[in-house]
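Below, each value reflects all heavy atoms present in this structure, side chains not excepted, and no hydrogens, waters or symmetry copies.
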Amino acid sequence: MKTAYDHTGIEDEIYKAWEASGLMQADVKSDKKPFTIVLPPPNVTGQLHLGHAAMLAIEDIMIRYKKMKGYEALWIPGTDHAAIATETVVVKKLGLTSREEMGREEFLEEARKFAEEKHDTIVNQTKKMGAWLDWSREAYTLDEARNTAVKTMFEMMYEDGLIERGHRMINWSTGAQSVLSDDELEWEDIKEPFYYIRCGEFIIGTVRSETKCSDSPVVVHPEGDYVRVKYKPTPPLVREGDRPDLSGRGGLKEETFIMSRHLFENTELRQKTLNLLDGEFVLVESMKGKELEGQSFEYHTYAGKRKFFVLCDEAIDMEKGSGAMTISICHAGDDYEIAKRHKDKLADYYFEKIDKKGHMTQKAGACAGMTVIEARKASGKIMKDQGLLVGMDYNYEHRVPKCYRSDCVVEPMISPQWFIMVEKEFTDRFGGGQTTLKAQMQEAVRGGHINIIPDKFDKMYFHWIDNLRDWCISRQIWWGHRIPVWYDKEGNIKAYGRTEGKAIDPSWIQDEDTLDTWFSSALWPFSTLGWPNESGLPGSPDSDFEKFYPNDVLETGWDIIFFWVARMIMFGRYATGKYPFHTVYLHGMVCDEHGKKMSKSKGNGIDPLEVIGEVGADAVRLSLVIGSTPGNPIPLGHNKIKGYRNFVNKLWNAGRFVKMQMGVSKPTPNPSLVREGGYCPPDKGDRPDLSGRGGLFKEGDLSLPDRWILSRFSTVAKEVSESLETYQISAAGDAIYHFVWNEFCDWYIEASKVDMNTEVLGFVFAEILKLTHPLCPFITENLWKEVFQTQELENLRTEEQFIIETSYPDLNMVDQKSEEDFALVQKIVTALRKLRTDQKLNPKEKLQAKIKADAEAFKDQQKLIIDLGQLSDLSILSSSSLTGGSSSADLDSRIKSENDNLLSLIVEGIEVLVDIPIDEEAEKARLGKQRAELEKKKVALEGRLSNPSYRDKAPEALVKQTEAELEQVSSEIAKLKS
RNA sequence: GGGCGCUUAGCUCAGUUGGCUAGAGCAUCUCGUUUACACCGAGGAGGCCGCGGGUUCGAAUCCCUCAGCGCCCACCA
C-alpha cells in the first residue's frame, strides 16, 4: 500500500468488477422491499457537467445506502434524445443552414449516428462517478419501448379529449424553426428605444416599431376618459441634443391629439412622454372611449399610407401610454386575445408582418426582408425622419423571450399546434371521478402524496400550476417522436396512437411534427419499467412495473421542476392512477466557491472529469454533497475538493495502519470474541464477523478506548442513518468526516499505539468503511479488499464479498460511562498539551503529574493520560498516599500544602498537579484568564437561577442542570483561588 | 408589479419542534521531520448570529418594521 492514496486506474477497475459481479442488476423476483430511483436522463449529446455529477453523487448515495439497508434497490439509467437541443447541434455539425437541405430520413439517420456516438461518451462519464446503476435496464427516451409508451399515452389522452389540435398564439423560435412551450423561453433584459407615434389624432406607444406598418384598429377603452387637445408649438423648437424639425411635417404646426385624460392632466408625465413636442396643450373636448368607436381614417406609417379605425376593448389600461394602442393580431398574445373578442370586425386584419424566419414581410414596405431587429432600428429612423414621432424614451427596459436552446429571438405567432388541455374535465380511469390534469397535479402535493424537499418549492410548484396554460406539445422539428396521427388527403384524422393491429392506409399521411421532448420524459418513471406492456396485466406478478412502480425518490435539479417533475406527476397520475414517486429531492445549482454562477467567460468553471482525474471520484462526490443543503446552491472550488481529497487520503492511511497491525495474515476469527448464542455471521465461509450487530466482544476484553470507540461509533452510525433517511446527506457526510478524523484517527488509533486490540481496531475500521461506502464507494471498496479480503476484485463476488453486500452499520454498543471517562481523558490530555505550548516546553520531555482520584476506578484513565499526555508518571493522590497517615478529614488542604510547588490545572473541576518549573508571570496570567472566564460564567448562571420565573417556568431538569453547573463552576473557582 | 428566500468567524456554509460556553471546512498565528498519513500532528486567535422593536423565564431560532442581496413568475400598447 502506498503512503498516499492513488486513485488512478483502480476506480475503473473497481467499477468493472462491480459490473461483472451482476450485483448492480436488481432482481424483480426478490422478496426484499423495493427502492426505486430513475436517473434523470442526461442529454445524449451532452457532456458530463457538475450538475450531473451532483445528481449522480446524491442518487448513488441513496441507492447504495438502501441496498445495504436490505432493500431491492433499483436505479435505472438512461439518456434523453433532447429533441431541439440535439437537432440544433446536428444541423450545425453537418454544416447545414437548415435541415431541409437534407431529406428527413437522411437527416434522422445522421442524428441517430451522432446520438449513438455521443451516448457512449456520457455513459462512460457517468460510470466515472461510481454510479451503481442497473445497466441491464438502460433506457432511451427515443427507443422502441418508449415510443410505444408515447403512442399509448397520446391515444389515451386523445380519447379523453385532453389532446387537441388548434390555431393558437404560440412562441415561435426563429432559430430552431419550431414552436416552443411557455417554459422553454428564457428571458433577457434589454434596453431599447420606446417610441410614441402619431396615428391620426391618436398617439400610440411601442417598442416594436417594426410592427407599425400596416392597417390596424386603434383600440381604446370604452369607458376610458379621453380628451381632444389642441397643440400649439413654441418655436423655435431647438433643444439640447435635438434638432429642430425642419421637415414641416410635424412638431411645428398646430394640430390636435386625442389622449387619455390621465396623460393630459399629468403635466410632468406628459412632458416626459411627448418629449418631442414642446408647446402648449389646450383642451378642446372630453369624451368616453366608446364615443370614438367606429371612426376611421388614413394615416402615414413608416411603410406608407394605411387605414385605421377605432375599436373599443376593456383590455386597455388607461394609465399606460396615451390610453390607446394599435394591435398586431398575429404577433402579440394580448393583441390576439383582443382580436378574438372582435372576430367579426377584424377578419381582414389577420396578416403576418413577420415570417417564420424572423424576417419582415412585404407589409413592412422599405423594411421588408429585414430581420426584426434590423427593422426595429430602421423603422424608428424612418419615423423620426418623417416626423411621425412625438416622443421617445431611449432608456426603456424590458425583457424579451429567447429560445432556451438556440438562443435566438422568439416571436409570438399564430399557428396550428397540438395541445394538452390542462383545465379540461375528464373522467379519471382510476375512480377519481370528474377531474382535470391541473387538479390532479395540485392534489399530488396538497394531498401529501408527494413530499418536495426542500418544502419551499411547494409554493413555487403551486404558483406554476395556478398559472399553467395548455401545454403545446408539437414541435416543428424532425428529431423526436413523430406525432402519432394520420390524416387522409383532406386532412381528416384517420388514425392515432398505437398502430399495432390497426390498418394504416398507405395514402394516409402522418403528422409532420414531433412531440415536445418533455412528453417522453414525462413518462420516464413508468415507461422505463415496462409500461404499458407490463402494467395492469393480470398474472404478470414479476414485471418491473408491479415490483418497482411507483418510484420512491425523484432527485433532480430544481430548475427542471416545471419542465419535468410536474409533468411526470401529471402523466404518472393520469396514466397509472398512482403518483410516480413519494419524494422529490431537489438539489441546487453548482456554483463557484463564492456563490457565483460558473461560466466559461469568468474562468471559474470546473470540469468534473478533469477533477476526477486529479483527485478521484470519491473526493469529488464529497465536495458536492457536504456543505450544501437541498435546493440551495452547491458551492464548489478547488480548495474544497482538496480538503476532501485529504480526507480520502486520511482514510487510506488509517487503513494502512489497521492493515499493518493486523499483520500480513488476514484476520482470523477469534472465537473468544463471539459470545455464546451471540451474533452469527450471515456470510459464507469462516471469515471474521465484521458485520457488527453487537454481542461481538466480551466486556472484560475491552479497554476504555475500545469501549469508547464502540460507543461513539454506535452513536455516529445511528446519526448517519437518520440523516440519510431524512435526506440530510451533508449532515451524514459531516458526521462521518469528523468521526473518522477527529475520533478514530486522532484518538483511537493514537491510543491503539499504546495498547492494541486488533479485533476492535479491525472491526471498527470495517464498520467505518461500510458507513462511508455510500459516499465514497471506490476507496471503501479498495480498502475493504486490501485490509479485509484475501481475494482479488474479480473473485470477491464468488469467494468473499463486495462491501455493498454487507449490512449498513447498526451497532448498539452505546456506553455512557465510557464516553464520559474517555472525554475526561481527552480534556486532561488537551490541557497538558496546551500547557506545553504555553510554557514552551520540549514536546518530548516527559512530565510528572499527580491527580486526586479513586485509584481503582481511575486505573484505565490514568494509563491513557500518561501515554497520550507524554507523562513519566501520574500518581494518584489519596489519603493513604499522603504523608501522615490515612486521615481524610481535610484531604484537599493537605494535598495543597504538600504540593504547592506544583502547577495546578483545573479540568472539569478536577485538579491536575504538574511538576514543571513555574514561570510566575505566565502562570499568573494564565490563572487570571481562567478565573475571569469562570467568574463570567458564574455570574450568568447565578443570574439565571436568581430569576424566580426561571425556576417557576423552565423545565425542572434544566434548572437542576443549571444548579449543577453553578456548583462545578464555583468549586473550580475555589480551587483556583486556594 | 406579484411571490419566495437569504443576511451567523476573513471566505464558504451548518445550526430540525426556542434551552449547556453558537459550530465546521478553508484561510490565519505559534510549535512540531513521534515509524498510518506533511494530502500530517499539537495548540491558539477570530462572532452585539444584518438593523430596530415585540413575544418569552430564556431568541441565531417565533412575530413585526427597515435595509441589503439572490431567485421565481408576470410584463412586448
Taking atom [atom2] of [N] as reference, at what distance in whole Å does atom [atom1] of [X] sit?
X: Tyr950(A); N: A59(B); atom1: OH; atom2: P; value: 12 Å
X: Asp838(A); N: G43(B); atom1: CG; atom2: P; value: 12 Å
X: Ile465(A); N: C4(B); atom1: CD1; atom2: P; value: 17 Å

Secondary structure string for RNA chain B (Watson-Crick or G-U under 3.5 angstrom, | for other-strand pairs)
(((((((..((((.....[...)))).(((((.......))))).....(.(((..]....))).))))))))....
Sugar-phosphate only, base, or nothing, as touched by [X] at under 4.0 Å among non-hydrogen atoms:
X: Thr830(A); answer: sugar-phosphate
X: Ile327(A); answer: nothing
X: Lys834(A); answer: sugar-phosphate

Between Tyr950(A) and Thr962(A), is there a side-chain donor-acceptor contact under 3.5 Å, judged purely by atom types and distance?
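Per modelled atom types, Thr962(A) and Tyr950(A) side chains form a pair under 3.5 Å.
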Are the charged groups of [X] and [Y] less than 4.0 angstrom apart, N to O?
X: Glu186(A); Y: Lys402(A); result: no
X: Glu593(A); Y: Lys640(A); result: no
X: Lys353(A); Y: Glu411(A); result: no
X: Glu786(A); Y: Lys659(A); result: yes

Can you check each nucleotide of [range] against protein heavy atoms at under 4.0 Å and return B for base, S for sugar-phosphate only, - for none, in 5' to 3' order?
range: nucleotides 33-40 of chain B; answer: ---BB-BS
range: nucleotides 10-18 of chain B; answer: -SSSS-B--
range: nucleotides 70-75 of chain B; answer: -SSSBB

Which residue pairs satisfy the side-chain hydrogen bond (donor to acceptor under 3.5 Å, both in side chains) criterion with at least one member in residues 308-319 of chain A, sequence neighbours excluded?
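Checked against side-chain hydrogen bond (donor to acceptor under 3.5 Å, both in side chains) - neighbours excluded - the pairs reaching residues 308-319 of chain A are Asp313(A)-Arg341(A), Asp313(A)-His342(A).
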Taking the same atom, P, in C6(B) and in U17(B), what whole-Å distance lies between them?
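15 Å, rounded to whole Å.
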Using atom P in both nucleotides, what's the gap between C13(B) and A45(B) to the nearest angstrom?
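To the nearest whole Å, 26 Å.
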With a 4.5 Å limit on heavy-atom distance, are the side chains of Cys199(A) and Thr326(A) in contact?
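Result yes, sub-4.5 Å side-chain heavy-atom pair found.
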Not counting sequence neighbours, list each pair that qualifies as a salt bridge (charged side-chain N to carboxylate O under 4.0 Å, His left out) and has a residue in residues 725-736 of chain A.
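For residues 725-736 of chain A, and leaving out neighbouring residues, the salt bridge (charged side-chain N to carboxylate O under 4.0 Å, His left out) pairs sorted by first residue read Lys66(A)-Glu725(A).
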